[in-house]
Every structure is written in C-alpha cells, then in structure tokens.
Protein chains: 2
Amino acid sequence: MAVKRGAGDEVVTTTPATAAPDLDGPAVRERARAIPEAAVARLAVYLRVLSGMVDGGVTTISSEELSAAAGVNSAKLRKDLSYIGSYGTRGVGYDVEVLVSHIERILGLTRKHSVAVVGIGNLGHALANYGGFPSRGFPVVALFDVDDDLTGVPVGGIPVSHIDEIEQVCASREVSIGVIATPPPAAQAVCDRLVSAGVQCILNFAPVVLQVPDHVEVRKVDLAVEMQILSFHVARRADEASAEQAANGMVNGVGVEGVVIRP
Amino acid sequence: MAVKRGAGDEVVTTTPATAAPDLDGPAVRERARAIPEAAVARLAVYLRVLSGMVDGGVTTISSEELSAAAGVNSAKLRKDLSYIGSYGTRGVGYDVEVLVSHIERILGLTRKHSVAVVGIGNLGHALANYGGFPSRGFPVVALFDVDDDLTGVPVGGIPVSHIDEIEQVCASREVSIGVIATPPPAAQAVCDRLVSAGVQCILNFAPVVLQVPDHVEVRKVDLAVEMQILSFHVARRADEASAEQAANGMVNGVGVEGVVIRP
DNA sequence: CCGACTTTGTGCACACGTTCACAAGCGGTA
DNA sequence: TACCGCTTGTGAACGTGTGCACAAAGTCGG
Ligand SMILES: NC(=O)c1ccc[n+]([C@@H]2O[C@H](COP(=O)([O-])OP(=O)(O)OC[C@H]3O[C@@H](n4cnc5c(N)ncnc54)[C@H](O)[C@@H]3O)[C@@H](O)[C@H]2O)c1
Ligand SMILES: NC(=O)c1ccc[n+]([C@@H]2O[C@H](COP(=O)([O-])OP(=O)(O)OC[C@H]3O[C@@H](n4cnc5c(N)ncnc54)[C@H](O)[C@@H]3O)[C@@H](O)[C@H]2O)c1
C-alpha cells in the first residue's frame, strides 16, 4: 500500500465554498457539508468489503461487483465514490488498493483514534474484549467503572481505571472516542465527564437521550429501538396479509412457516 | 380521521430483478400512506421517554416538552405522531398513557416477539443477560452455539441449544426475531438457517452483508461503522479548523489533540 | 489507427424527510 | 356565550437522498 505523501493534489471538493455568504441565522450550523452522512456510512461498508477483497488477492473491481457485495444499488455506489473523487478507470473499474486508501483518507483513518469504554459490565466486557476495534484503527486504551472491585482488574489486557480518574486518564492517553456502556441513569453524568475531559465523539449504548454541546458528536446504538423497528415491520406485514386475505376471502398458508396470526 | 391503507411499499435494497409486485397500475401509486422508517425509529424513542414519564406520574405532556426530552424538533414530533392518528388535545397536549398505547399498537408491541440469540460468545452473553429486552416485550427464548462445551449451559436463565437444533427449536418456541452474534464467517450460514426456520426478522451484529429473501427484514448493528462515522467527523472538523487557521494565518494548538498538518 | 465494447461519472427527475407557519380546535374565563 | 390564549395537526416549501439513463472516457482486438 503506497502511503501517499501530502501534496494535497486537487483533492475532492471537500468544501464547495462557492457560495460563501450563507445564512448565519440564530442557529449556527456547520459549514457546507461535503459528503452526505448516509454516504459516509456506506463508504465504511465499502471499505470493509474492499479490505476483504485485498486479502483475497483481488486487484480490480467494477462498481457492479462491489455494489453487489455491499448490498447496494450500483448507481448509488458510484455516486458515493464520486463524493471522494474520480479514481476509477472507465471500461475497467476501480483499483482496489487505491480505493481503500482514498476511503481511509476521507474517513480519517490515516490517524488512530483511541477509545475509552465506560461501564465495564456485561456489555463493557464484550466491547473491551472485541478484537474488531483495534484491528480497524480504534485501539481501546482506557476502561472505567465506579465499581471498586473492578478497578485494577485487567479486561482485554487493559486494567480498569476508576471513573474519578476519567478526566486525567482520557487527557493523558489522548482518547478521542468515548463509549458509554453504563446503566441509563449514569449515562448523562458520564457523558458530561467525558466531554469535560476533551472527548469530542461519543458512542452511547445506554437508552437515554444525551445532552451535549454542539461541538461533540454523539451516535447512539439502541438495541431496543432496533427490535421495535423489526416489530413494526412484522405488524405491518401481518396487517397487509390479513387485509389481503380479507379482500380475497381466502386463507393461504405461506410456504416457509406456519405463522399463526391470532384473530 | 386518518384513512390508513395497508400500504404495500417495502423496497429495502431489493434485487434489481424484482418483477413488478403490484400491478395496480403503472401510473398511479397513491395508496402508500405508510409511516416513514425514520419516523418509526423516533416513535420508539418517544415511547421510551413516555414510559419514563408514566412512571414519573406525568399524565399530560405537550409536543414541546416531549420533543425536548426526546431530543428532536417539536414540529417533527407532531408530524411523527400525526402518522399514527390524532390523539392530542389542542391547547392542552397529549395524554401520556393514550399516546403510549397507540405507539405500542403501531409498533406491534401488543404482541410479544420471542427472540433467539445465535453465537453465545462475548457479545451473545451480554445480550442473553440483558434485562432490557424482556422488559420491553422481547423475551429471549432460545440461545444457540456450535460449541459443545456451551450446549446445555444456562446463560441468563436459558440453556444454550446446539445450532443443529435451530430449525426445530425456533419453530416450537415461535421465535420471530433472530439475533446473530457469531463470527463473521458463520453469519450467512446462520442467517440461512434462521430463515429456513421461519424467522422473518434478523438483527445482525456480524460485520457482513447478509443476503436474504425479500420477505425477511434485516437490521444491522455495525460498531466499526459507527466508529468510522465518528472518525469522519473528527477529520472533517480538523480540516475545517486547519482551513480556518490557514485563512487566519494563525497556528493555535487545540487542546485535545495535536493534529499535525503537513505543509 | 479505428471501431466496438465496457464501465465510469453525473445531470436530472423523483421520492423522501424536515421544517415552517398558521388555521383549527380546545379549555378556561369573564 | 363570547372571547382569549395555548397547542395541535397539517399544507406547503424546502432540502436531502436515490435511481435512471446516457455521454464521456477508457480498454482491447484487429
Ligand atoms: N447487555 C446488553 O446486551 C445491552 C444491550 C443493549 C443496551 N445495553 C445498555 O448498555 C448499558 C450497559 O449494559 P450492561 O448489561 O453492561 O449493564 P451492567 O449492569 O452489566 O454493567 C454496567 C456497569 O456500569 C458500571 N457503572 C455504573 N454506574 C457507573 C458510573 N457512574 N460510572 C462508571 N461506571 C458505572 C457498573 O459498575 C457496571 O459494571 C446499559 O445502559 C444497557 O441498557 C446493554
Ligand atoms: N464483542 C463485541 O463487543 C462485538 C462488537 C461488535 C461486533 N461484534 C461482532 O459480533 C460477533 C460476535 O462477537 P463476539 O465477540 O461475541 O465473538 P466470540 O468469538 O466471543 O463469540 C462467537 C461465538 O459464536 C459461536 N459460533 C461460531 N460459529 C458458530 C456457528 N456457526 N453457529 C453458532 N455459533 C457459532 C462461537 O462458538 C462463539 O461462542 C462477531 O461477528 C463480532 O464481529 C462483537
């Protein structure tokens, strides 16, 4: 993998910048947003697929193949890639390694992002032991808990620190991403401490809405919400099926399974 | 009042080869009055907030208060609620319990959705032990793993079954949601077996793109992707900051991190 | 060197989601 | 009852994201 030197090149249009004078209304928004958030999420998926391809010895790939592997529309894939520049060859496809390096650059993965996990319970243990983070450029460098029985105990190779050391430890270990895996009532307080320790990105597993300053980015993973979305689809499907059956006046068992719909 | 139709518009990254499912007329597609997916996700959040309010003794709440608690715009909240009907009182607000019951109805939570977890490793243990699922109407009724040392061992009160029993057990316990927490290489095979067992909803933690039939709903939770999105924001922010500094001809070390920008 | 073929990159139209703004409706009050 | 202030519900404007379809740009065989 060729590490490209600085020499900014033309480089994508990170900031169109054409229309500088914008609305500086009451709510101060960030500047022109370059890449749609949805596209960023997909770029991360493409990167994972491409990494697997590199390992498999693939050197070139077309948008059709890559989009199939990533589970998206090929037009969407090409549009997503166009946000980061034109690195394909018409009639041929994309050089896998080139694409990987450019996506990594855009996602900011040329830099390591140190992670701290707060709340070393069931979930915290799993996260601390997970090898998928360090291998993708997100080394876990600190663990925190209030439980005195846990402090000092190594989990995943890292000793747990007491929550009261959070500001000091986060600063000294240059933590840039904080993961909250505490019970819900403690989440906001932990979040506040992370913020005051200078952490600007937070991944929150506790089912609570966190209040943070504008400059802090929060993403939440709420499994109950995921379940409920699935539940919604089940219900909708059941509604449709029953409506259809009512319309047809017919009861037709669908192949796979005998799903019993209670009247 | 809201005339709600079945609305048969699924989509979700279907294969391009899908034959036209609805031949109701190529021109008009007016029937779909479904609830936007994004709104469904938020409804689940509102539900959680409202449940907390019920416990807190709150009986009535305005869109302004609820939206603040849920971290969204009040107009968006009202629009989201309007998808499920008109249950507010103008000049007063919403009755909390009424709202809870209607959201639960729409999300299909009047029915219990039994959950099976496959892959009882680090993450699987955490999920099996998590009390947040049963309490929200998602009882975990089955656990599966290939590891013979695990089969029979109770985790979170449920003995682990061997993966080979998956079809039989899922059917007999009426599993409607399958959770995949196996290593990535095993995920697709596990998914296929869940589908053949009649499971129509899957929550996937393995970082792979699952291929499923159209009638199966998949949601993925990819923590590495979440991290990378955060990383992207860090990078973008650094870019902006450096651009601004360059414009000002000033170099200012920002507290948290020493981002070195090559000239 | 040319022409056939392949695949990218993108303009455009459309669908979806968000936000604004305000009439309609309700409870309380005189 | 008539008025008033408050909050909902929603039409419409607006912004964002998606998908189509095709010209541009490249490769390859002759
Ligand atoms: N376990 C899961 O699979 C799962 C799934 C979805 C969501 N969650 C959420 O993740 C969070 C953690 O879940 P869990 O199952 O690991 O819970 P847990 O009770 O097993 O662990 C919580 C840990 O946080 C620690 N803690 C409590 N207060 C703290 C504080 N102020 N500062 C630092 N540490 C503190 C506790 O000592 C404990 O070790 C919860 O909010 C839960 O709702 C968990
Ligand atoms: N641990 C985490 O915090 C974390 C975070 C994000 C994603 N993930 C993903 O979740 C998955 C599980 O992670 P983990 O840390 O629990 O892994 P793990 O290795 O601890 O556990 C995996 C379990 O799956 C079982 N298994 C393997 N093949 C199986 C099969 N064919 N059928 C049934 N069970 C099988 C193994 O016996 C093992 O018990 C992985 O795909 C991982 O990438 C984990």
Side-chain angles (χ1 to χ4, degrees), chain A residues 10 12-13 16 19 22-23 25-27 29-43 46 59-68 70-96 98-99 102, chain B residues 1-4 7 9-18 26-43 46 59-68 70-96 98-99 102:
Chain A
E10 81 307 331
V12 207
T13 67
D22 264 332
L23 305 167
R29 288 290 165 195
E30 68 267 35
R31 295 177 177 273
R33 168 177 304 179
I35 304 176
E37 180 106 356
V40 173
R42 287 190 297 268
L43 283 170
Y46 306 153
T59 59
T60 295
I61 193 168
S62 71
S63 65
E64 209 66 50
E65 296 169 297
L66 180 52
S67 66
V72 301
N73 183 307
S74 74
K76 193 188 292 187
L77 177 128
R78 287 198 300 277
K79 180 142 296 194
D80 288 343
L81 293 183
S82 78
Y83 291 124
I84 69 174
S86 299
Y87 303 111
T89 305
R90 295 171 190 231
V92 178
Y94 301 88
D95 181 290
V96 176
V98 168
L99 219 44
H102 281 289
Chain B
M1 189 63 75
V3 179
K4 64 170 92 152
D9 187 271
E10 302 149 21
V11 197
V12 189
T13 70
T14 51
T15 52
T18 35
V28 193
R29 180 178 291 189
E30 77 277 63
R31 54 163 34 184
R33 195 98 299 266
I35 303 177
E37 180 105 356
V40 173
R42 286 190 298 267
L43 283 170
Y46 306 152
T59 59
T60 296
I61 193 168
S62 71
S63 64
E64 209 65 49
E65 296 169 298
L66 180 52
S67 66
V72 302
N73 183 307
S74 74
K76 193 188 290 188
L77 177 129
R78 288 198 300 276
K79 176 135 300 197
D80 288 343
L81 293 182
S82 78
Y83 290 125
I84 69 175
S86 300
Y87 303 110
T89 304
R90 292 168 192 235
V92 177
Y94 302 89
D95 182 288
V96 177
V98 168
L99 219 44
H102 281 289

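Fair warning: this is a prediction, and the values are worked out from it, not measured in the lab. All chains are named by letter (A, B, ...) in the order of the sequence lines, taking the proteins before the strands, and each is independently numbered beginning at 1.
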Measure from the side-chain heavy atoms of [X] and tell me the nearest of [options].
X	options	answer
B:Ala75	C:dA21, C:dG9, D:dA21	C:dA21
A:Thr89	C:dA21, D:dT27, D:dG19	D:dT27
B:Arg42	C:dT18, C:dT8, D:dC20	C:dT18
B:Arg78	C:dT18, C:dT10, D:dT8	D:dT8

In terms of the nearest nucleotide of DNA chain D, which residue is placed more toward the 5' end: A:Asp80 or B:Glu64?
->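 It is B:Glu64, whose closest nucleotide lies nearer the 5' terminus.
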By nearest nucleotide on DNA chain D, pick out whichever of A:Val92 and B:Gly91 is the more 5' one.
->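 So the residue in question is B:Gly91.
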If I take atom [atom1] in residue [X] and atom [atom2] in nucleotide [N], what distance separates them, rounded to the nearest angstrom?
X	N	atom1	atom2	value
B:Leu43	C:dG17	CG	P	13 Å
A:Glu65	C:dT8	CD	C1'	14 Å
A:Ile35	C:dT10	CD1	C1'	16 Å
A:Glu37	D:dG17	CD	P	9 Å
B:Lys76	D:dG15	NZ	P	16 Å
A:Leu99	C:dT8	CG	P	10 Å
A:Ile84	C:dG9	CD1	C1'	13 Å
B:Asn73	C:dA21	CG	P	12 Å

Any side-chain N or O of [X] below 4.0 angstrom from OP1/OP2 of [N]?
X	N	value
A:Tyr83	D:dT18	no
B:Tyr94	D:dG9	yes
B:Ser63	D:dT8	yes

Ignoring hydrogens and angles, answer whether the base of C:dT7 and the side-chain atoms of A:Arg90 contain a donor-acceptor pair closer than 3.5 Å.
->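 In this structure, the two groups form no donor-acceptor pair.
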A:Lys79 (side chain) and D:dG17 (base): donor-acceptor pair under 3.5 Å |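 In this structure, the two groups form no donor-acceptor pair.
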Check whether any side-chain heavy atom of B:Tyr94 lies under 4.5 Å from a side-chain heavy atom of B:Arg78, and answer yes or no.
->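 Side chain of B:Tyr94 against side chain of B:Arg78, heavy atoms only: contact under 4.5 Å found.
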Does a side-chain heavy-atom distance below 4.5 Å link A:Leu81 with A:Leu43?
->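 A:Leu81 vs A:Leu43: side chains touch.
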How close do A:Val96 and A:Ile61 get, heavy atom to heavy atom, and via which atoms?
->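 Scanning both residues, the minimum pair turns out to be CG2-CG2, 4.0 Å.
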Could you tell me which non-hydrogen atom of A:Ser62 sits nearest to which non-hydrogen atom of A:Val92, and how far apart they are?
->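 Closest pair (atom of A:Ser62, atom of A:Val92, distance): CB-O, 4.4 Å.
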Quick one: pull up CD1 in B:Ile35 and CG in B:Asp80 and give me the separation to the nearest 0.5 Å.
->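 Atom-to-atom, B:Ile35:CD1 and B:Asp80:CG are 9.0 Å apart.
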